[in-house]
Number of protein chains: 2
Amino acid sequence: MDKDIQQVTSLIGDPVRASILWALTDGRAYTATELSVTINTSPQNMSMHLSKLIKGELLTVESQGRYKYYRIAKPEVAHALEAIACLVPEDKHKKKTIQPEEKAIRYCRSCYGHLAGKVGVLVNEALLAQKIIQPVDNLYAVTKKGEAFFADLKIDIALLQKQRRIFAKPCLDWSERKHHLAGSLGTALLNSMLELDYFRRSKNSRTILVTGKGQTQLFQKLKISV
Amino acid sequence: MDKDIQQVTSLIGDPVRASILWALTDGRAYTATELSVTINTSPQNMSMHLSKLIKGELLTVESQGRYKYYRIAKPEVAHALEAIACLVPEDKHKKKTIQPEEKAIRYCRSCYGHLAGKVGVLVNEALLAQKIIQPVDNLYAVTKKGEAFFADLKIDIALLQKQRRIFAKPCLDWSERKHHLAGSLGTALLNSMLELDYFRRSKNSRTILVTGKGQTQLFQKLKISV
DNA sequence: GATACAGTTCATTGGAGACTGTACTGTTAA
DNA sequence: TTAACAGTACAGTCTCCAATGAACTGTATC
């Protein structure tokens, strides 16, 4: 038993691995590259640490194309990390400023070119509710009504469908645990909305800001209040 | 915050320090030499590690003559360790032949002053089933019926509730993966049952033995067969 | 007093393992 | 097809820090 505990603690004990685990405690999944950027270490090093965490059954991986999404393996891991966080000496807690950036990234962000977060999920739900898109065996198809909607946003559906890339599909949103729109249509939609100044990207972050114009347009077109 | 977590994890991460902490999770105090013998390392090395744990506020010392008694600084530390113990990969439990002493410690032990192991979990389940305690937002409360039960064991509920320490809460048991009773009520219950000779501590181990009297009383009072 | 023991301090050493550079596989996009 | 990118594998380097030996303080017992 003692040996087992030692193995787990030395796994958690490394500073880089501790940072990885801590970054993942919110339950969202990140790619190896994303993690290596936020933790500020090389991709090879990150790969090494991630494989150790996988082997120790603290993380799980999910492959999506050339990306690999890493996430906490089970609730017990997050629980243990929270328990460890409680052991930080008291005097260190002086500066308990809760960062608003965390809140922002959960609200609206880009996810490999398409819209994610709470806003991304709301948009997807609205597109379905208004029958602009509809599910067809695990993918999405654009309806007659939808064609007009996308044309209005200067999106050429026919052109997108000619591409080899998947046209439109649901993608599980890590912060909301619901689906948002992915595929070339998802990318085109976000690009168009950025172009039209509904949204603006923020620097050095995946966070996306909703403009005043975006608020009014999203309400008019999709009946969404953001 | 990230730096703080790293400091705590690398403190826990060292194999020797992990063993020290694990050896102290029963809440009892040990001298430096005792620890260096059980952990099997030199006194100087033990001294070095202990001073780091003290500095990190995970342990406290108490001097008595030429001896120094080391113990876990606060319940949160024991809690974090138990949480970490839950992360030991499943297959490790199965394939290794569990030694008799290991079996004993899994069956019944003390965990920072309260009862743990299979017996600890059974007792907790019985207390809940018989409506002696009931869950109230992640804590436990004593029912009317329960007051009589604890009074019978010479436990003064009112006195315990006046303390600053948490009165009663569930604590995840590493060997059973279920909850046992923690908090001042849990401590009082174990002390009372030791006093009444339901249980006896074994020397140099966290293992607790159930006496004949304990077996009959636990069956009479809680309908538990141990 | 002398002796034995608990625990600590400090300089030195040794080695585990984290990191880097290079080179590779597999996937996506044009 | 080619190019770009995500991620991995491996060998070599380097660095931190645990462990050691020797010497010390302080306490108990004779």
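Each chain gets a letter, A, B and so on, in the order the sequences are listed, and its residues count up from 1.
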Rounding to a whole Å, what distance do you find between B:Lys55:NZ and C:dT9:P? 12 Å
Heavy-atom pair of closest approach, residues B:Ile155 and B:Leu189: CD1-CA, 3.7 Å
Just N and O in the side chain of A:Ser42: are any of them under 4.0 Å from OP1 or OP2 of C:dT20? yes
Which atom pairs link the protein and nucleotides 24-30 of chain D when you take only N or O atoms and keep those under 3.5 Å?
none

Return the SG to NZ distance between B:Cys86 and A:Lys74, rounded to the nearest 0.5 Å. 8.5 Å
Between C:dT20 atom P and A:Met46 atom CE, what is the distance in whole Å? 11 Å
Donor-acceptor pair, B:Glu34 side chain versus B:Thr31 backbone, under 3.5 Å? yes
Going by heavy atoms in the side chains, are A:Ile5 and B:Leu81 under 4.5 Å from each other? no
Over how many whole Å does the gap from B:Gln6 atom CD to C:dA18 atom C1' extend? 13 Å
Specify the separation, in whole Å, of atom CD1 of A:Ile20 and atom P of D:dG7. 13 Å
Checking all strands, does A:Ser51 fall into the base, sugar-phosphate, or nothing category for heavy-atom contacts under 4.0 angstrom? nothing
A:Phe199 side chain near A:Leu190 side chain, heavy-atom distance below 4.5 Å: yes
Within the 4.5 Å heavy-atom criterion, are A:Val210 and A:Tyr198 side-chain neighbours or not? no
Take the C1' atoms of the five end pairs on each side of the helix from C:dG1-D:dC30 to C:dA30-D:dT1, get both axes, and report the angle to 10 degrees. 30°
When you compare the side chains of A:Thr211 and A:Asp197, does any donor N or O come within less than 3.5 Å of an acceptor on the partner? no
Nearest-nucleotide comparison on DNA chain C, the residue closer to the 5′ end among B:Tyr69 and A:Thr41: B:Tyr69
Could you tell me whether the phosphate oxygens of D:dT8, OP1 or OP2, come under 4.0 Å of any side-chain nitrogen or oxygen in A:Lys68? yes
Ignoring hydrogens and geometry, is there a side-chain-to-backbone donor-acceptor pair from A:Arg17 to A:Leu11 under 3.5 Å? yes
How long is the line joining CG of B:Leu35 and P of C:dT8, in whole Å? 11 Å
Any side-chain to backbone donor/acceptor pair from A:Ser10 onto A:Gln6? Under 3.5 Å, distance only. yes
Atom pairs, protein N/O to nucleotides 16-18 of chain D N/O, distance under 3.5 Å:
| residue | atom | partner | partner atom | Å |
| --- | --- | --- | --- | --- |
| D:dA18 | OP1 | B:Arg17 | NH2 | 3.3 |
| D:dA18 | OP2 | B:Lys52 | NZ | 2.5 |

Taking atom P of D:dA9 as reference, at what distance in whole Å does atom CD1 of A:Ile54 sit? 12 Å
Measuring from atom CG of A:Leu127 to atom CG of A:Leu222, what distance do you get when rounded to the nearest 0.5 angstrom? 5.5 Å
Rounded to whole Å, the CG-P distance (B:Leu50 to C:dT9) equals 12 Å
When you measure only distances, ignoring hydrogens and angles, does the side chain of A:Gln44 come within 3.5 Å of the base of D:dG7 through a donor and an acceptor? no
Keeping A:Thr9 on the side-chain end and B:Ala18 on the backbone end, is there a donor-acceptor pair under 3.5 Å? no
Distance check: side-chain N/O of B:Thr33 vs OP1/OP2 of C:dC5, anything under 4.0 Å? no
Mark yes or no for whether A:Glu147, through its side chain, and A:Lys144, through its backbone, hold a donor-acceptor pair below 3.5 Å. no
Find the distance B:Tyr30:OH to C:dA6:P and express it as a whole number of Å. 17 Å
